[in-house]
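Index from 1, following the sequence. Note that the structure is predicted; figures quoted are calculated from it, not measured.
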Amino acid sequence: AITTRADMGQDETCTPYLTAFVSALEENTERAWELLAEILTSTRFTDSDRMAEMFRQNELGVRQRILGAGHLIGVKNVLSHYSAEGAVKNALDGDEAARYVHDLAKAPEKAMPELLLLAERLMKNTFCRRRMNVSLTASGEFSPEKLIAAFPEGTEAPGARAYRTTSPLARGYRIPAQIGFAVRGYRLSRIGRKFEGSMWLAASILSLGYLWNRVRVQGGAYGAGIQIDRSGNLFSYSYRDPTPGKTLTADSGASAFLREFVEAGEDLDQYIISALNELNPLLSPRDQGALADGRYKIGRA
């Protein structure tokens, strides 16, 4: 998988990382590392028929994802306009990626030569010790020296770079379903603000106290909410929504609702509990390692 990280407060540049991971029982750790190194250094991309079949399977998965969770695609598109990190994420996992996967499955023979060159370049230049971060989540003591030794020395990785989206600021897609999805988003840095913990609570209040009633109960959508993250990305969404156009109109009343809520002095306990539950999910050992890696790469370790 490819993950993208940007320093806190940085909108213009980011650094993509190619991430490979493996989970294994402790007694199988050494073998797991050997298999991981073999895959990354010895994979051959010569079976064009098999690769074309994988492209078609991937395209089918993307179609199903759009129909089942189109709001996730929408969020990637919306946030791509506000930061380099968002632009890369949309290119890798948003509507831009969906279009690429569709074209690839439609005519794999046209893209195959370029893909082979890219794969060879990645294996030669990217998978090396000088560009490598190795992390291990385990209950015992293990040394990754054998894994590291399987890769060439290589060269230093390039620094963070600027990325921009070419998508229009507002976009809609027709899908073969009687329901849809609506997303609206922004980034706090555009108005000179930074993330604060109270904003997480405000998002919980708007999700449970406002959008639930306006979009879920009155509008008939399966779900709706508003979220904000530490990078300052702010977005609202509806899920399996019969009237997504009306949902975007309902979003415009969120600020007035929040102002009235604060002035009324409503009890906050249920919203605080909801917000804290989201902040403290149960994590598997692999998830714990991934979370620690992400924090390390943005300077929050």
Side-chain angles (χ1 to χ4, degrees), residues 1-46 51 54 58 61 76 83-94 97 115-163 229-231 233 279-301:
I2 299 178
T3 58
T4 310
R5 305 296 181 187
D7 292 339
M8 293 297 294
Q10 175 57 260
D11 292 352
E12 301 301 323
T13 63
C14 68
T15 303
Y17 291 85
L18 196 153
T19 304
F21 57 85
V22 60
S23 299
L25 298 173
E26 292 185 358
E27 60 267 25
N28 297 327
T29 301
E30 295 282 342
R31 180 55 180 159
W33 288 346
E34 292 174 0
L35 289 174
L36 181 61
E38 180 180 343
I39 292 170
L40 294 177
T41 61
S42 303
T43 297
R44 298 291 178 261
F45 302 90
T46 55
M51 292 180 66
M54 292 175 64
N58 192 29
K76 295 288 195 312
S83 70
E85 182 180 18
V88 173
K89 287 182 176 180
N90 190 49
L92 294 172
D93 197 34
L115 280 175
L116 291 177
L117 290 175
L118 175 61
E120 292 174 359
R121 181 163 57 87
L122 286 173
M123 294 180 68
K124 180 180 178 181
N125 299 328
T126 302
F127 301 150
C128 62
R129 291 196 294 271
R130 298 185 70 180
R131 300 189 180 195
M132 181 185 298
N133 289 322
V134 178
S135 62
L136 175 65
T137 306
S139 58
E141 292 292 332
F142 296 93
S143 174
E145 292 180 356
K146 289 185 178 180
L147 173 65
I148 296 172
F151 295 87
E153 180 69 16
T155 60
E156 293 287 346
R161 294 185 178 181
Y163 300 91
D229 62 28
R230 291 180 180 272
S231 297
N233 292 316
L279 285 171
N280 296 280
L282 181 63
L283 299 176
S284 67
R286 189 180 75 176
D287 292 334
Q288 293 175 27
L291 179 62
D293 283 347
R295 288 176 174 175
Y296 170 77
K297 290 170 183 174
I298 63 173
R300 290 186 58 228

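Distance CD1/I148 to OG/S143: 7.0 Å, rounded to 0.5 Å. L18 CG to M132 CE: the interatomic distance, rounded to the nearest 0.5 Å, is 11.5 Å. Between the CG atom in N125 and the CZ atom in R130 there is a gap of 13.0 Å [rounded to 0.5 Å]. Residue T19 holds its OG1 atom at 7.5 Å from CG of D293, rounded to the nearest 0.5 Å. Taking OG1 of T41 as the start and NZ of K124 as the end, the distance is 15.0 Å to the nearest 0.5 Å. Here the CG atom belonging to L147 is positioned 10.0 Å from the CD atom belonging to E30, to the nearest 0.5 angstrom.
Counting non-hydrogen atoms of neighbouring residues, nucleotides and ligands closer than 6.0 angstrom, the CE atom of M54 reaches no more than 12 such neighbours. Within 6.0 Å of CZ in F21 there are 12 or fewer heavy atoms belonging to other residues, nucleotides or ligands. Heavy atoms from other residues, nucleotides or ligands lying under 6.0 Å from CZ of R230 number 12 at most. Heavy-atom neighbours of E145 CD from other residues, nucleotides or ligands within 6.0 Å: at or below the threshold of 12.
Within the 4.5 Å cutoff, the side chain of L117 has no heavy atoms near those of the R121 side chain. Contact of the Y17 side chain with the N133 side chain is registered, since non-hydrogen atoms from C-beta on lie closer than 4.5 Å. Within the 4.5 Å cutoff, side-chain heavy atoms of L136 are placed close to those of W33. Looking only at side-chain heavy atoms (C-beta outward), Y296 and S135 stay at 4.5 Å or farther from each other.
For Q288 (side chain) and L283 (main-chain N/O), a donor-acceptor pair under 3.5 Å exists by modelled atom type.
In terms of heavy atoms, G94 sits closest to K76 at CA-CB, 3.8 Å. The nearest pair of heavy atoms linking A149 to R129 is O-NH1, 3.9 Å. Nearest heavy atoms, P158 versus R161: CB-NH2, 3.7 Å. Minimum heavy-atom separation, F127 to F151: O-CD2, 3.6 Å. Across all their heavy atoms, M123 and S42 have their closest contact at CE-N, 3.7 Å. Minimum interatomic distance between A97 and A91 (heavy atoms only, all atoms of both residues): CB-O, 3.2 Å.
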>> Under the criterion side-chain hydrogen bond (donor to acceptor under 3.5 Å, both in side chains), I'd like the reasoning laid out for T155 against R131: C-alpha separation, chi angles, the key distance, then a yes or no.
In response: CA-CA 7 Å; T155 60; R131 300 189 180 195; 3.2 Å; yes
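Counting only residues at least two apart or in different chains, salt bridge (Lys or Arg N to Asp or Glu O under 4.0 Å) contacts with residues 280-290 are absent.
Residue V88 forms a side chain to side chain contact (heavy atoms under 4.5 Å, CB included) with just one option from D93, T4, T15, and that option is T4.
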